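To start, the structure under review is shown below, and the notes come after it.
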Amino acid sequence: MQENLVIVESPAKAKTIEKFLGKGFVVTSSMGHIRDLEKKDFGIDIANKFKPRYIVSPDKKKVVTELKKLAKDANMVWLASDEDREGEAIAWHLKEVLKLKPENTKRIVFHEITKDAITSAVKNPRTIDNNLVDAQQARRVLDRIVGFEVSPVLWKKVKPSLSAGRVQSVAVRLIVEREREIRKFNSESAFRVTGFFKMNDASGKTTELKAELSERFKTEEEANAFLEKCKTAEFTVADVAKRPGKRSPAPPFTTSTLQQEASRKLGFSVSQTMAVAQKLYESGKITYMRTDSVNLSGLAINTSKQKIEELHGENYVKIRKYKTKAKGAQEAHEAIRPTYMSNETVAGTNQEQRLYELIWKRTIASQMADAKLEKTTVSISISNTKEKFVATGEVIIFDGFLRVYIESTDEESNNGQALKGQAIIPPIKTNDKLKLAQIQATERFSQRPARYTEASLVKRLEELGIGRPSTYAPTITTIQNRNYVVKEERQGVERKYKVLVLKDNAISKETKTEITGAEKNKLSPTDIGIVVNDFLVDNFDQIMDYNFTAKVEAEFDSIAEGKKVWTEMLESFYQPFHKKVEDALEHAERSNGERLLGKDPKTGKPVFVKVGRYGPLAQIGEVSQEEGAEKPRFASLRGGLNIETITLEEALDLFKLPRDLGEYENKKVTVAIGRFGPYIRHDSKFVSLGKEYDPYTVELDVAIELIEAKREKDRKAIIRIFDEEPDLRVLNGRWGPYISYKKKNYKIPKTTKAEELSLEDCMKIIKEAPEPKSRRRGRKK
DNA sequence: CAGTGAGCGAGCTTCCGCTTGACTT
């Protein structure tokens, strides 16, 4: 008989805690939630006060059986799930499923995994907070209602298998609206003027002072006129202002800030960051990685202080307590930090080491002194005009935390620039006359809004209080898997800009080119994402409101405080919501984003674009009921074409393929573009066209060459064939030799030599091959 | 691997949050 059984959520946590508690305590884990609403038949009895039907999740059956056994053998069960809404619900579900009696059950909480925190938690047990549990039930039931009532509307009115939800649909909306802003954006240019003045620095060496003009000029003429004036002008220092400044370190990492910085500094995707962090957590190197808290344990602060003193000295230490600003934060855990601050680095994969180092530096820096700066502003007057040049410099007087860690911003990673260099202003005083070296007037264009990265989308969602640390990464994956959003690399385009230079009393003009709009790993909506979003905004404005989550969160809070009954809150939400669902089912028109582009000049028939069953398409002519009427022609949209932006000409181009090139060996040769790029088709075989040929202009002779080359390559790939069994071939493929038999492929054991395989050997391999399991969920057919 | 875009229409799809494995071509 075990005396005490402690149940936490995570197995890694269980291991650590067991050490702290010592004899008489067995610590195990529930692996998160153990029960959920049944998926079949909605899982909620709406008519009966939203009564939920909970079932043990299929993948938790084993855990639950194990827990039941352990609980039976224990005198006292300590429910130690997290101290937040979800954690309280887990404790309650455990109590229900394990049929725990009140006299043998205690509820304890701690938000840091330190010996002190655990022992004091054990000394202060409480009972399950039913109000908090009800708040969780309200959250869970509301999400099910929204997801499972709105998604079917989409199946009927847009396309089968689509999805909608409180979190994902708003995430998509952010991306759609940003894309529309970008499409609407008109770039304007203006001339930015920079002056360079010759000076001597402190040691007497010649140096340059760089200053920006306070104004920009809209046109080349204005810029030119200004430069003309400067030819005869005198430049005088009008004012030198020095003021102290400081910079403070960023707070320790939460899930969202870790994702952002790992994206900016290490180039990790959001899910990559979480996978690497999970490994660090499991091997005991960092604290829990799904958290919204910036709080550090007293232990962590003390050891950080020691480490800073050891490395940089006492004057670099500044103990700080950070407050969480995030909306709806529940702070069940500490911030993400190294378990042992004394370890500056850890063993592990390259990615693990880099992420750990980032976490270590951020944590250390958060307890370090401010950086002290001196900012200098010099204004330079021009004798014959009222504009002024302004030079700014920043000198670090005391580096403080900057020694260890500087937080990045999204703008930097946009242009791939490192932190701005610190400009040092040479010794200078008011009324000094300055000697002009040159003045440049450079045409600059206003920047369109930036597309979201995965990490900047997480940041925005967190600001809106939408989603939780455990769901940021999955949500970002979901909206990409559903094909609402794609992560793309964009080639920039060349843009010309003008530069006017005044030097040696003469003005010269030059046109330069720059690359603009190049992007990597930015999110943009697909056509289907846009159609779904617009449909939802039109029909479910409440759900799509950016403040919807914040509003219901406030209600969940009052349920948690016992001021509101959860079923009543749901009732008042459900009545108007369900009416909208019925309205939409009954009245909303089918939505496919259809857009009329114009008329086909050859036939006079209308040309459309829309989202079809297999994705976006262009269409010439309409389906007609008349006898013998011509069918419409269809072509898929590809190659960066969008329903909202495609032109008539671009649409008509799509119909130029497939092209007939003629005949070879009495069989037709055609060229087209497929899912994997342009290809030639001949004798029901496909040959990839490759990048060097253009499918719109390629000729028959080139096609024949490529067909022959492919044949030669296929011949070489054959390792063995057998006359008795023509269906069976041993081939050399991308991953080495394999057996091909009746359109299925089979692996050859590494120990056998492919060239020596007999027909019997092959048949044996085929027979013994395991049934291929489809590992992807929800694959079609 | 790569075309489709009408047709009978059965049966299925779908949410958010909490947590880890077991899968390979």
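In what follows, every chain begins at residue 1, and chains take the letters A, B, ... in the order their sequences are listed. In this text, all values refer to a predicted model and were calculated from it rather than measured experimentally.
Among the heavy atoms of the strands lying under 4.0 Å from A/Gly165 are primed sugar atoms or P, OP1, OP2 only; no base atom is included. Within 4.0 Å (heavy atoms only), A/Val167 reaches sugar-phosphate atoms of the nucleic acid but no base atom. Within the nucleic acid shown, A/Ala164 comes within 4.0 Å of sugar-phosphate atoms alone, with no base atom in reach, counting heavy atoms only. Here A/Gly87 lies out of heavy-atom contact (under 4.0 Å) with every strand. Nucleic acid contact for A/Tyr472: none, since no nucleic acid atom lies under 4.0 Å from a heavy atom of the residue. Counting any heavy atom pair closer than 4.0 Å across all strands shown, A/Pro152 reaches a base atom. In this structure, A/Asp82 reaches the sugar-phosphate backbone alone: every heavy-atom distance under 4.0 Å involves primed, P, OP1 or OP2 atoms, never a base. As judged by a 4.0 angstrom heavy-atom cut-off over every strand, A/Gly615 is placed among the base-contacting residues. Residue A/Ser636 is classed as a base contact, given a heavy-atom separation below 4.0 Å to a base.
Computed from coordinates, the A/Arg633 CZ to B/dG5 P distance equals 14 Å when rounded to whole Å. Summarising the geometry, the separation between CD on A/Glu38 and P on B/dT14 is reported as 17 Å, rounded to the nearest angstrom. Rounded to whole Å, the distance from CD on A/Glu66 to C1' on B/dT19 is 17 Å. Note: CZ (A/Arg613) to C1' (B/dG7) measures 10 Å, nearest angstrom. Here B/dC18 presents its C1' atom at 16 Å from CD of A/Glu83, a figure rounded to the nearest Å. Summarising the geometry, the separation between CD on A/Glu622 and P on B/dA6 is reported as 13 Å, rounded to the nearest angstrom. The NZ-P distance, from A/Lys40 to B/dT13, rounds to 12 Å in whole Å. Residue A/Lys710 contributes atom NZ, which lies 11 Å from atom C1' of B/dC1 at whole-angstrom precision.
The phosphate of B/dC18 has neither OP1 nor OP2 within less than 4.0 Å of any side-chain N or O from A/Ser30. When the side-chain nitrogen and oxygen atoms of A/Thr471 are compared with OP1 and OP2 of B/dC16, none of them lie within a distance under 4.0 Å. Taking only side-chain nitrogens and oxygens, A/Arg35 never comes nearer than 4.0 Å to OP1 or OP2 of B/dG17. A sub-4.0 Å separation between OP1 or OP2 of B/dT14 and a side-chain N or O of A/Arg166 is absent. An OP1 or OP2 oxygen of B/dT13 is reached within less than 4.0 angstrom by no side-chain nitrogen or oxygen of A/Ser151. Between A/Tyr288 and B/dT19 there is a side-chain N or O to OP1 or OP2 distance below 4.0 Å. Between A/Gln168 and B/dC16, a side-chain N or O to OP1/OP2 separation shorter than 4.0 Å is present. Here A/Arg468 does not reach the OP1 or OP2 of B/dC16: none of its side-chain N or O atoms lies under 4.0 Å away.
Results of the side chain to side chain contact (heavy atoms under 4.5 Å, CB included) test with A/Leu37 over A/Arg53, A/Arg140, A/Gln137 single out A/Arg140 as the only residue that passes. Checking each of A/His333, A/Gln330, A/Arg290, A/His111 against A/Asp82 for a side-chain hydrogen bond (donor to acceptor under 3.5 Å, both in side chains) leaves exactly one that passes, namely A/His333.
Of the listed nucleotides (B/dC15, B/dT19, B/dT4), B/dT4 has the atom at the smallest distance from the side chain of A/Tyr614. Of the candidate nucleotides B/dC15, B/dG3, B/dA6, B/dC15 has the atom lying nearest to any side-chain atom of A/Arg140. Of the candidates B/dC15, B/dT20, B/dC18, B/dC15 carries the atom nearest the A/Arg482 side chain, counting heavy atoms from C-beta on. In the set B/dG5, B/dT13, B/dT19, B/dG5 carries the atom at the smallest distance from any side-chain atom of A/Leu617. For A/Gln278, taking side-chain heavy atoms from C-beta onward, the closest of the listed nucleotides B/dT14, B/dA2, B/dT20 is B/dT20. The side chain of A/Met289 has B/dT20 as its nearest neighbour among B/dA6, B/dA2, B/dT20. Nearest nucleotide to the side chain of A/Pro11, out of B/dT20, B/dA2, B/dC16: B/dT20. Counting only heavy atoms from C-beta on, A/Glu282 has its side chain closest to B/dT20 among B/dC18, B/dT20, B/dT4. The A/Ser163 side chain lies nearest to B/dT14 when the options are B/dT14, B/dA2, B/dC18.
The nearest heavy atom of DNA chain B to A/Leu162 and to A/Pro474 marks one nucleotide each, and the one closer to the 5' end goes with A/Leu162.
Aromatic ring pairs are classed by plane angle as parallel below 30°, tilted from 30° to 60° and perpendicular above 60°; the pair A/His578 and A/Tyr574 is parallel. Note on ring orientation: taking the six-membered ring where Trp is involved, the planes of A/His33 and A/His93 are perpendicular (angle over 60°, cut-offs 30° and 60°). Note: A/Phe573 and A/Phe548 have tilted aromatic rings, judged against thresholds of 30 and 60 degrees for the angle between ring planes. A tilted orientation is assigned to the rings of A/Phe540 and A/Phe577, their planes being inclined by 30° to 60°.
We find that A/Glu553 and A/Arg139 are not joined by a salt bridge, their nearest charged nitrogen and carboxylate oxygen being 4.0 Å or further apart.
With hydrogens and angles left out, the side chain of A/Arg144 and the base of B/dC16 share no donor-acceptor pair within 3.5 Å. The base of B/dT13 sits with one of its N or O atoms less than 3.5 Å from a complementary donor or acceptor on the side chain of A/Ser161. A/Arg139 contributes a side-chain N or O that forms a donor-acceptor pair with the base of B/dC16 under 3.5 Å.
Separating the P atom of B/dC12 from that of B/dC16 is a span of 23 Å, rounded to the nearest Å. Atom name C1', nucleotides B/dT13 and B/dG9: the rounded distance is 16 Å, in whole Å.
Ring-to-base geometry does not place A/Trp155 in a stacked arrangement with B/dT14 (centre distance under 5.5 Å, plane angle under 30° required).
Within a 6.0 Å radius of NZ in A/Lys157, more than 12 heavy atoms belonging to other residues, nucleotides or ligands are found.
Here the closest heavy-atom approach between residue A/Ala473 and residue A/Ser271 is recorded as CB-CA, 4.1 Å.
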